[in-house]
Amino acid sequence: SKPALLPSPQMRRCLEGRSARERSRSREPSYARELPEPAGSAGGGSGGGATPGGAGSSVGSEAKGPAELHVLYASPLDPRFPQIDIQAELALLRDALQQASCSMTIHVGIATSVSVAKLLTLARAGCRFIFHLSAHVAVGPEGAGLVLENGRGGAHILYRPQLEELLGSCRQPESSPLAMPLVFLNSCLSESIAQLFVESGCPRVIATRGRVSDRAARAFTQQFYLELGAKQSILASWERAQRVLRLDSDQQLREGADLFVFFGQRSAHVTLEDLRGCASSASASATAGEPGLGR
């Protein structure tokens, strides 16, 4: 069956008008010096199954549903950052899973500090899902900063101190570790940010250690989720996606292959089958009620 793609109402208003220009996903802003993820069935039932951004079912259902993929994206209307072609990325994700005959449910929402925090809260509560974040990384005097949206279409950049507070890293012993089996940071220069997720208890994180073009990011993403949907382990899917890029006739893709790095447990061969019935459709409310997300 086709993987369910469940965009939030806010996202539907945001998707139109995005440009698909070939850009890097990371860019040093022109004035950078001034810049200071309980069980539940997925996508089932009437009115249920939307994502960050829509209405969902309650936590606690024992029904075994498909694994869930939560995609949050940030592409603020800010001249410092090129627009991310989220439509193309989502199309690749869905096509890859469909080719693999994978029924994983895809939830989609806008990445704000609030929506990310709600997914992280659910992950600490034991909800297990894959978190895919598509965003830019800004390079400023404080190092790498994750570019989210502010709920009104503008940029909201979180640098290491703010990210540590958001993630509740290991420096805060009262925080529970994150239960997300995988975080995919589809952003350039996200290696240092990935370390924060690992410190917070994420067992596996995919990130990049350099600047990656949109073409390389899309090619890697498509192959990775194709492998994962075909019941390969998370680690094997990463390795095979790298291999496919290395063998591509396009030099840009070949050069980008080794920029995708894997953090965490290499010995645990976790597949999507291990995540069935561990989803959190309650995270459907992750961006519900946030004002001003339409553009």
Side-chain angles (χ1 to χ4, degrees), residues 3-4 6 8 37-45 48-72 102-109 111-133 163-185 193-206 228 231 233-235 237 262-289:
L6 303 170
S8 68
E37 169 181 262
S41 60
T51 136
S57 61
S58 59
V59 175
S61 171
E62 298 298 330
K64 269 195 166 294
E68 289 191 13
L69 169 64
H70 288 264
V71 178
L72 292 184
C102 176
S103 61
M104 179 164 60
T105 302
I106 306 172
H107 298 299
V108 184
T112 66
S113 59
V114 174
S115 64
V116 173
K118 288 184 177 180
L119 279 184
L120 296 175
T121 297
L122 290 165
R124 290 192 185 95
C127 300
R128 300 184 67 201
F129 49 85
I130 295 173
F131 179 25
H132 181 103
L133 178 61
L163 287 171
E164 285 183 334
E165 186 172 0
L166 179 65
L167 290 168
S169 70
C170 60
R171 296 181 183 179
Q172 301 173 358
E174 70 277 8
S175 297
S176 301
L178 298 176
M180 289 181 288
L182 172 66
V183 174
F184 191 136
L185 299 176
I193 295 171
Q195 304 245 4
L196 296 178
F197 277 90
V198 173
E199 291 172 7
S200 299
C202 291
R204 298 161 209 87
V205 184
I206 293 174
L228 194 63
K231 301 182 180 180
S233 71
I234 292 173
L235 177 59
S237 299
F262 184 95
F263 293 86
Q265 302 170 0
R266 292 172 176 261
S267 58
H269 297 287
V270 176
T271 69
L272 290 183
E273 288 298 309
D274 300 313
L275 304 183
R276 287 178 60 83
C278 298
S280 83
S281 49
S283 59
S285 61
T287 59

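Since the model is a prediction, treat every value here as computed from it, not as a measurement.
Summarising the geometry of Asp274 relative to His269, their closest heavy-atom pair is OD2-O, 3.9 Å, with the distance given to 0.1 Å. Contact between Cys202 and Val183 at its shortest, heavy atoms only, is SG-CG2, 3.8 Å. For the pair Leu196 and Glu164, the tightest heavy-atom approach, listed with the atom from each and the gap, is CD2-CG, 3.8 Å. Taking all atoms of both residues into account, the shortest heavy-atom contact from Ser103 to Pro66 is O-CB, 3.5 Å. Here the closest non-hydrogen pair linking Pro181 and Arg128 is CB-NH2, 3.9 Å. Between Cys102 and Leu272, the shortest heavy-atom contact is SG-CD1, 3.6 Å.
Summarising the geometry, atom CD1 belonging to Ile206 is positioned 13.0 Å from atom CG belonging to Leu133; distances are rounded to the nearest 0.5 Å. For the atom pair Glu273 CD and Lys231 NZ, the distance stands at 5.0 Å (nearest 0.5 Å). For the atom pair His70 NE2 and His132 NE2, the distance stands at 13.5 Å (nearest 0.5 Å).
Side chains of Leu119 and Phe129 form a contact here, defined as non-hydrogen atoms less than 4.5 Å apart. No side-chain heavy atom of Ile130 sits less than 4.5 Å from a side-chain heavy atom of Ile234. Within the 4.5 Å cutoff, the side chain of Lys118 has no heavy atoms near those of the Leu122 side chain. Two residues are said to be in side-chain contact when any heavy atoms from C-beta on lie closer than 4.5 Å; Val198 and Gln195 fail this criterion.
A search for ring-ring contact (aromatic ring centres under 6.0 Å, His included) contacts involving Phe262 returns Trp238, not counting sequence neighbours.
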